[in-house]
Amino acid sequence: MLLIKNGRVMDPKTQFDGVCDLLIEDGKIIKIGEHISVDGAEVIDATGKIIAPGLIDVHVHFREPGQTHKEDIHTGALAAARGGFTTVVMMANTNPTVSTVDTLTEVLRSGAREAIHVKSVATITDKFDGQHLTDFASLLSAGAVGFSDDGIPFTDAGKVRQAMQLAVTHDTVLSLHEEDPQLTGVLGINDGEISHKCGVTGAPSVSEYSMVARDAMLALDTQARVHFQHLSAGQSVDVVRFAKSLGANITAEVTPQHFSMTEQAILTHASNAKLNPPLRRQSDIEKLIVGLQDGTIDLIATDHAPHTHEEKDQELIKAPSGMTGLETALALGMTHLVAPGHLSLMQLLEKMTSNPAKLYQFDAGYLAENGPADLLIFDAQAVKIITDDFASKASNSPFVGEALQGVIAYTICHGKVVYQAG
């Protein structure tokens with residue numbers, strides 16, 4: 001039995017915000033109230049700290065199977081717990097891809113051994129070939145929570161529409177990586193001032209928002225549940241807002257890195273700031289923030305993409321895109337959204353808990369009696385210098401050395417402490 005005392009409980013689902021105690025037993029919250037006292041309970045004093053639902057990340061890469069030198073499900077889960085996440089959804093761009101029931105079963109079996117909830121999507125097309133749709137029915141029955149070819153843009157509009165129709169039949173979600181390869185140069189660098197200084201043609205915003213526009217209209221036509229991953233361009237926000245106003249059943253995410261840094265970071269952080277989609281301009285960040293404020297962008301997801309030091313320590317054009325993101329996500333939201341007054345703390349938590357849960361209809365992302373005891377306790381005011389001492393195998397982050405606000409004290413999943421700050 002675990003008793004958490006005197007914390008500020010914030011539940012985005014009900015908008016409850018008040019100082020009280022939580023009593024936890026057998027993986028459930030059995031009581032929320034003031035002055036709870038139970039003999040023999042383990043006690044955590046949360047005075048001056050926030051108690052929130054465990055964070056939910058619907059977009060992580062744990063690299064298992066096939067690339068476990070970068071990360072594996074165990075180290076990815078450790079990184080998630082350290083970042084305050086109690087539920088994560090793995091992408092399917094592994095080796096082999098999660099295109100069959102056998103591979104899906106393998107990764108879910110590995111995930112089930114972890115202290116947090118590890119879930120997975122399956123691929124939309126077989127081995128990311130863009131043409132042959134996977135067996136949605138069998139993969140859903142085997143435990144897939146949705147479908148995504150994340151990492152590979154879906155260029156065939158007819159196949160996209162067919163996939164959406166199949167998703168409607170099975171009442172499932174398609175998560176789309178939007179990028180037209182015919183419009184891009186070097187991936188991971190915004191096409192503009194910085195890419196030209198580097199002597200290359202980068203990835204322009206139009207390569208993203210043109211695909212968002214196509215698929216938003218296909219989603220409107222089919223009424224499929226479609227989720228747009230890692231928006232980076234301001235025009236993409238405009239397109240999603242317009243499509244929602246027409247009645248499209250769509251949602252969208254943004255990563256902490258895309259609302260925290262501009263393309264200028266390439267000059268100081270080199271390959272650690274090379275991301276796909278790339279960091280854009282300040283004007284794009286401003287539109288992303290407006291999208292978060294007005295609900296056009298529904299949630300925040302990390303796109304946790306670990307790489308080894310050797311892989312990143314190459315010339316910019318050759319280095320892979322991506323950054324480790326689970327352990328800095330909440331602090332980036334606190335520092336770049338809450339502290340400047342762009343979002344309230346409750347709004348930030350909503351984007352990282354209840355809204356991600358809603359996307360996949362998880363029984364998570366809220367705090368209530370008889371509800372799951374998945375939560376985090378953090379100091380919203382404390383500031384910490386980010387070091388490269390990550391629980392992840394990887395340390396490829398442009399935020400190393402920065403002072404960020406918001407320090408996690410405990411992560412609790414299924415009623416058990418899975419991370420405690422040292």
Side-chain angles (χ1 to χ4, degrees), residues 10 12 50 52 55-60 79-80 82-85 190 194 205 229-234 236-237 240 252-269 272-305 322-353 355-356 376 378-388 390 396-408:
M10 300 187 71
I50 306 296
L55 306 182
I56 299 170
D57 192 347
V58 300
H59 190 162
V60 302
R82 190 169 175 178
F85 292 90
N190 184 50
I194 303 305
S205 295
Q229 298 176 298
H230 46 45
L231 295 188
S232 66
S236 297
V237 182
V240 170
E253 73 188 32
V254 66
T255 74
Q257 49 270 30
H258 284 103
F259 61 66
S260 298
M261 275 186 170
T262 70
E263 62 182 344
Q264 297 289 330
I266 288 284
L267 299 179
T268 52
H269 298 286
N272 277 340
K274 184 183 181 185
L275 312 173
N276 191 24
L279 299 171
R280 305 277 186 196
R281 298 154 299 189
Q282 183 61 36
S283 58
D284 293 296
I285 289 180
E286 290 167 3
K287 282 196 169 187
L288 292 172
I289 289 172
V290 172
L292 285 164
Q293 291 170 330
D294 68 13
T296 299
I297 298 176
D298 303 84
L299 58 94
I300 294 167
T302 70
D303 191 12
H304 175 78
M323 60 164 277
T324 181
L326 284 161
E327 295 170 67
T328 54
L330 179 62
L332 288 170
M334 292 294 301
T335 302
H336 294 283
L337 297 177
V338 177
H342 299 311
L343 294 183
S344 69
L345 178 53
M346 188 70 84
Q347 288 172 319
L348 175 66
L349 292 174
E350 183 178 48
K351 303 290 185 184
M352 299 183 78
T353 62
N355 282 4
L376 76 150
F378 68 100
D379 188 330
Q381 302 304 317
V383 174
K384 180 180 179 180
I385 303 293
I386 302 302
T387 71
D388 61 3
F390 292 109
N396 56 307
S397 170
F399 299 102
V400 171
E402 289 207 7
L404 300 181
Q405 182 176 330
V407 177
I408 294 166

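One-based numbering along the sequence shown.
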Consider only side-chain N and O atoms of S232 and R280, and report whether a donor and an acceptor are under 3.5 Å apart.
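On atom types as modelled, these side chains qualify, holding a pair under 3.5 Å.
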
Test item: side-chain donor near acceptor, T302 and D57, under 3.5 Å
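Their side chains do contain a donor-acceptor pair, which is all the 3.5 Å distance test asks for.
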
Between [X] and [Y], is there a donor-acceptor pair closer than 3.5 Å when you use the side chain of the first and the backbone of the second?
{"X": "H336", "Y": "A331", "result": "no"}
{"X": "K384", "Y": "E402", "result": "no"}
{"X": "H269", "Y": "P398", "result": "yes"}
{"X": "N272", "Y": "G322", "result": "no"}

Carefully, step by step, assess V290 and V237 under the rule side chain to side chain contact (heavy atoms under 4.5 Å, CB included).
CA-CA 9 Å; V290 172; V237 182; over 6 Å; no

Does a side-chain heavy-atom distance below 4.5 Å link [X] with [Y]?
{"X": "H342", "Y": "L292", "answer": "no"}
{"X": "E253", "Y": "D298", "answer": "no"}
{"X": "L231", "Y": "V240", "answer": "yes"}
{"X": "Q347", "Y": "P12", "answer": "no"}
{"X": "I300", "Y": "L348", "answer": "yes"}
{"X": "F378", "Y": "V407", "answer": "no"}
{"X": "I50", "Y": "L345", "answer": "yes"}
{"X": "L279", "Y": "T262", "answer": "no"}

Write down the atom of [X], the atom of [Y], and the distance for their closest heavy-atom approach.
{"X": "A339", "Y": "Q405", "value": "CB-OE1, 3.8 Å"}
{"X": "L55", "Y": "G83", "value": "CD1-O, 3.5 Å"}
{"X": "A403", "Y": "I385", "value": "CB-CD1, 3.5 Å"}
{"X": "A301", "Y": "V58", "value": "CB-CG2, 4.1 Å"}

Within this structure, what is the [atom1]-[atom2] distance for the pair [X] and [Y], rounded to the nearest 0.5 Å?
{"X": "N396", "Y": "M323", "atom1": "CG", "atom2": "CE", "result": "7.5 Å"}
{"X": "S344", "Y": "Q293", "atom1": "OG", "atom2": "CD", "result": "10.5 Å"}
{"X": "I266", "Y": "M261", "atom1": "CD1", "atom2": "CE", "result": "10.0 Å"}
{"X": "L343", "Y": "L337", "atom1": "CG", "atom2": "CG", "result": "5.0 Å"}
{"X": "I56", "Y": "T353", "atom1": "CD1", "atom2": "OG1", "result": "6.5 Å"}
{"X": "E263", "Y": "I194", "atom1": "CD", "atom2": "CD1", "result": "5.0 Å"}

Could you check whether H59 and H230 have their ring centres less than 6.0 Å apart?
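H230 vs H59: aromatic centres under 6.0 Å.
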
Does the side chain to side chain contact (heavy atoms under 4.5 Å, CB included) test come out yes or no for L330 and L376, once each step is laid out?
CA-CA 11 Å; L330 179 62; L376 76 150; 3.8 Å; yes

The single option from L332, T335, T328 passing side chain to side chain contact (heavy atoms under 4.5 Å, CB included) against P256
L332

Given N190 and S205, is the side chain to side chain contact (heavy atoms under 4.5 Å, CB included) satisfied, shown in steps?
CA-CA 8 Å; N190 184 50; S205 295; 4.3 Å; yes

Between the side chains of K287 and D284, is the shortest nitrogen-to-carboxylate-oxygen separation below 4.0 Å, so that they form an ion pair?
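Salt bridge: no.
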
Show the numbers, then the answer: is there a side chain to side chain contact (heavy atoms under 4.5 Å, CB included) between F390 and V400?
CA-CA 10 Å; F390 292 109; V400 171; 4.0 Å; yes

